Each structure stands twice: as C-alpha cells, then as structure tokens.
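Keep in mind that this is a model prediction, so the values were computed, not measured.
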Amino acid sequence: MSHLPLKTAARHGMWSCHGCSLLCRLPAGADQAAWHCPRCGAALHRRKPHSLQYAWAYLIAAIICYIPANLLPIMLTDMLSGTQRDTIMSGVVYLWQGGSWPLALVVFIASVLVPLLKILSMLLLLLTVHWRSRWAPRQRTRLYRLLEVVGPWSMLDIYVVGLLVALVQLQSLATIKAGPGAIAFGAVVVLTMLSAMHFDPRLIWDVFEDDDE
C-alpha cells in the first residue's frame with residue numbers, strides 16, 4: 001500500500017472520551033495525564049489504556065473455553081432409560097438425521113461457526129496491530145465494526161440451547177438441564193465480546209501516523 005498522509009484528530013490535540021464519546025480539544029501545554037472530559041468527568045486518553053493487553057487476555061481465555069464448549073455435553077437429559085449427554089455437534093447431527101436440517105444449520109452456525117469466526121477475526125486484528133502491519137486498514141476497521149454488530153447477537157447461541165430444551169416436550173418423563181459445556185459456551189460468548197470491547201481500532205492507523213512524523 002502506498003504511503004497515506006494522515007491528519008488525525010489526536011495529532012491536532014483532539015481526543016475522544018471513552019466514557020461518553022465526546023470529542024475534546026486539549027489546550028496547548030495541558031497536562032495530558034490529568035485532563036478529564038468536561039461532560040462526564042472521565043479521564044481522557046489518546047488510546048484506550050492497555051488495550052492490547054486486555055484484548056489478548058480475554059481472547060486467549062475465550063480460545064481456552066472454546067475447546068470444552070464443543071467437547072463437553074451442553075445438555076443433559078435424564079430419562080427412565082438413563083441419562084443422555086448431548087454436545088453441540090451431536091445435537092447438530094441428531095437434528096440433521098431427524099430431517100430438521102434448517103434447525104441443524106441454525107445450531108451449527110450460531111454455536112460453532114460464529115464463535116470460531118469471531119475468535120479468528122479478533123486474532124487477525126490483534127496480530128496485525130502487534131506486527132504494525134499496513135495491510136488493508138480500512139477493511140480491518142470494517143471487520144471490527146462488524147464484530148461490534150455481531151457481538152450482542154452472540155447470545156443467540158444460548159437461546160438455541162433453550163430452543164432444544166423446549167423441543168423435547170417430555171416434562172413428565174424426562175428432566176432436561178444445561179451441562180458443563182453450556183457454561184464454557186457462555187464464557188466464550190462473554191469473553192469474545194470483552195476482547196472486542198477493549199480493542200481500540202484506532203491502533204490500526206497509528207502505524208501510518210507514526211510514519212508521517
């Protein structure tokens with residue numbers, strides 16, 4: 001990519017408040033370490049403090065939880081004939097073989113594909129910023145915005161478990177409860193959202209600004 005001359009707000013002494021998103025202009029010669037937002041009183045920072053450290057920590061934790069979320073049973077069904085333990089993939093296979101392929105597709109996308117893509121996307125963003133890559137900054141910024149949009153809908157994965165429980169209408173003959181995989185799965189959802197929240201997308205552009213100085 002060719003050299004991009006940038007005139008960022010931070011270079012002109014204008015910082016965005018992380019509390020209320022107000023764009024603040026710092027007076028010339030102001031003590032930047034002690035400056036606060038005039039609207040909400042939050043401390044102002046040029047970039048989110050320790051953004052990469054927090055984002056990496058939450059992402060690594062999400063990757064660790066992703067393994068038991070897919071290997072441990074996510075639903076336990078106690079019946080007269082015994083206890084049935086269903087993982088995410090066994091549920092997908094059962095629904096597919098039973099002819100409910102639309103529901104099987106929803107479960108696979110929401111519970112397997114979407115969390116994996118979120119983890120890989122965050123990994124891409126963090127690695128490229130860590131390596132100070134100049135590759136496709138606009139596309140990476142759009143990718144982060146997409147992660148922000150998808151983040152709140154990640155709880156669809158938990159709703160899918162509830163849907164599977166509701167489909168088994170055997171309340172008098174069976175007892176259905178969430179398994180340990182559901183806890184790990186919920187942790188993956190929360191941790192990936194926290195990783196995206198702590199990542200500062202403006203770090204993507206800092207490599208260009210530093211080169212202009």
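Two residues are said to be in side-chain contact when any heavy atoms from C-beta on lie closer than 4.5 Å; Pro68 and Pro180 fail this criterion. Looking at heavy atoms from C-beta onward, Arg145 lies out of side-chain contact with Val149 at the 4.5 angstrom threshold. Inter-residue side-chain proximity for Phe108 and Val93 is flagged as unmet; no heavy-atom pair is nearer than 4.5 Å.
We find the CG-CD1 distance between Leu116 and Ile109 to be 13.0 Å, quoted to the nearest 0.5 Å. In this structure, the separation between OH on Tyr144 and CG on Leu147 is 8.0 Å, given to the nearest 0.5 Å. Between the OG atom in Ser90 and the CZ atom in Arg85 there is a gap of 12.0 Å [rounded to 0.5 Å]. To the nearest 0.5 Å, the span separating CD1 on Ile60 from CD1 on Ile119 amounts to 11.5 Å.
Applying the under-4.5 Å side-chain rule to Ile, Leu, Val, Met, Phe, Trp and Tyr, the cluster around Leu71 extends to Ile67.
The two residues Val188 and Pro115 come nearest to each other via the heavy atoms CG1-CB, 4.3 Å. Taking all atoms of both residues into account, the shortest heavy-atom contact from Ala62 to Thr192 is CB-CG2, 3.8 Å. When all heavy atoms are compared, the tightest approach of Ser51 to Leu203 is OG-CD1, 3.9 Å. Scanning both residues, Thr87 and Leu72, for their nearest heavy atoms gives CG2-O, 3.7 Å. Nearest heavy-atom pair across Cys37 and Leu22 is SG-CD2, 3.9 Å. The two residues Arg47 and Asp206 come nearest to each other via the heavy atoms NH2-OD1, 2.8 Å.
Criterion: ILVMFWY side-chain heavy atoms under 4.5 Å apart, direct or through other members. Under it, Leu120 and Phe185 are part of a common hydrophobic cluster. At a threshold of 4.5 Å between side-chain heavy atoms, the hydrophobic network of Ile, Leu, Val, Met, Phe, Trp and Tyr places Met193 and Ile64 in one connected group. No path of Ile, Leu, Val, Met, Phe, Trp and Tyr side chains, each step under 4.5 Å between heavy atoms, connects Trp96 with Leu113, placing them in separate hydrophobic clusters.
With sequence neighbours left out, Tyr54 forms a ring-ring contact (aromatic ring centres under 6.0 Å, His included) with His198. Applying the side chain to side chain donor-acceptor pair (under 3.5 Å) test to Tyr94 and every residue at least two apart in sequence or in another chain returns nothing. Partners of Thr141 according to the side chain to side chain donor-acceptor pair (under 3.5 Å) rule, which considers only residues two or more places apart in sequence or in another chain, are Trp205. Residues passing the side chain to side chain donor-acceptor pair (under 3.5 Å) test with Asn70: none are found, sequence neighbours excluded.
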Using residues 121-128 as the side-chain source, report each donor-acceptor pair under 3.5 Å to any protein atom, sequence neighbours left out, with the distance given to one decimal.
unit_1	atom_1	unit_2	atom_2	d
Ser121	OG	Leu117	O	2.7
Thr128	OG1	Leu124	O	2.8
Thr128	OG1	Leu125	O	2.9
Thr128	OG1	Arg140	NH1	3.0

* Tell me, with the steps shown, if Ile204 and Trp135 meet side chain to side chain contact (heavy atoms under 4.5 Å, CB included). => CA-CA 9 Å; Ile204 297 173; Trp135 170 74; over 6 Å; no
* Give the C-alpha distance, both sets of side-chain angles, the deciding distance and a yes or no for side chain to side chain contact (heavy atoms under 4.5 Å, CB included) between Phe199 and Val129. => CA-CA 10 Å; Phe199 179 77; Val129 169; 3.8 Å; yes
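Here the side chain of Lys48 pairs a donor or acceptor atom with the backbone of Met197 at under 3.5 angstrom.
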